[in-house]
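What follows is one structure encoded as structure tokens, with my remarks underneath.
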Amino acid sequence: MRGGVVTLRAIRLRDGAAWSRIRTRDREHLEPWEPTGLSPWNARHGVSSYPAVCGSLRSEARSGRMLPMAIELDGRYCGQLTIGNIVRGALRSAWIGYWVDSEVTGLGVATAALALGVDHGFGPVGLHRIEATVRPENIASRTVLRNVGFREEGVLQRYLDVDGAWRDHLLVAMTVEEVATSTADVLVRAGRAAWA
Ligand code: ACO
């Protein structure tokens, strides 16, 4: 992407220092879009909080319900992308969500990470449908979703407790039939990205 090489990998316990530094500094950037927490922001994002956060995400991952991944830009931790509520059987569906360090926004990082996540979901994970919910006011995230190929399906009224109130969200989705080759490949063919 224009910012550098974007990769996804499984989260690690040693991501804690970077996770805490970014999320503590980026409260204003992140809080308007994230589920309301039970304790104050800084208390939830200290380095000492990360082992529990990471342990809980990994426990969901071991159960097959979640894929929590670190986003790296040129090998440096800069955010997280999560595929969650993975349901098998006749549904084969999941949601996807992400956040990126404010110091590297606008460089295509989330777009690349989302494309890689979708390709992983529709490929090795075997999903048929991936959906996301986004606040209508979150123009940057709506642009990311649109650029990767998600289409809007409707409005979920008072859907999620975000930033202290029940907020409407747009429901967007893709099914595997909508992806001819891969979403990352579509970005490359459109001249928005190049393979590293
Ligand atoms: N108006 C119009 N377009 C905008 C604006 C704006 N105010 N701000 C950004 N954009 C566009 C950019 O121009 C770019 O589009 P382009 O590539 O066509 O030019 C796009 O939005 C951003 O693309 P990226 O650079 O790939 O995204 P970035 O790495 O900056 O990350 C993100 C975007 C994830 C929304 C980041 O700002 C962030 O972490 N925000 C806080 C947390 C958050 O909102 N997470 C998403 C919640 S919703 C969900 O997870 C499904």
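Just so you know, ligand 1 is whichever comes first in the structure, and atom 1 is the first atom listed for that ligand.
- Under the 3.5 Å distance criterion, with hydrogens and angles disregarded, a donor-acceptor pair is assigned to the side chains of Thr175 and Glu178.
- Residue-level contacts of ligand 1 at the 4.0 Å heavy-atom threshold are Arg2, His29, Leu30, Trp33, Ile96, Gly97, Tyr98, Trp99, Val100, Thr105, Gly106, Leu107, Gly108, Val109, Ala110, Thr111, Ala132, Thr133, Val134, Asn138, Ile139, Ala140, Ser141, Thr143, Val144, Asn147, Arg192.
- The pair Glu131-Arg151 does not count as a salt bridge, with every side-chain nitrogen at least 4.0 angstrom from each carboxylate oxygen.
- For the salt bridge (charged side-chain N to carboxylate O under 4.0 Å, His left out) test, no residue two or more places apart in sequence or in another chain qualifies with Asp26.
- With Trp19 as the aromatic partner, Arg12 does not meet the cation-pi criteria of under 6.0 angstrom to the ring centre and within 45 degrees of the ring axis.
- Screening Val6, Thr105, Val104 for a side chain to side chain contact (heavy atoms under 4.5 Å, CB included) with Cys78, the sole residue that qualifies is Val104.
- Follow the hydrophobic side-chain contacts under 4.5 Å out from Tyr98 and you reach Val125 in the same cluster.
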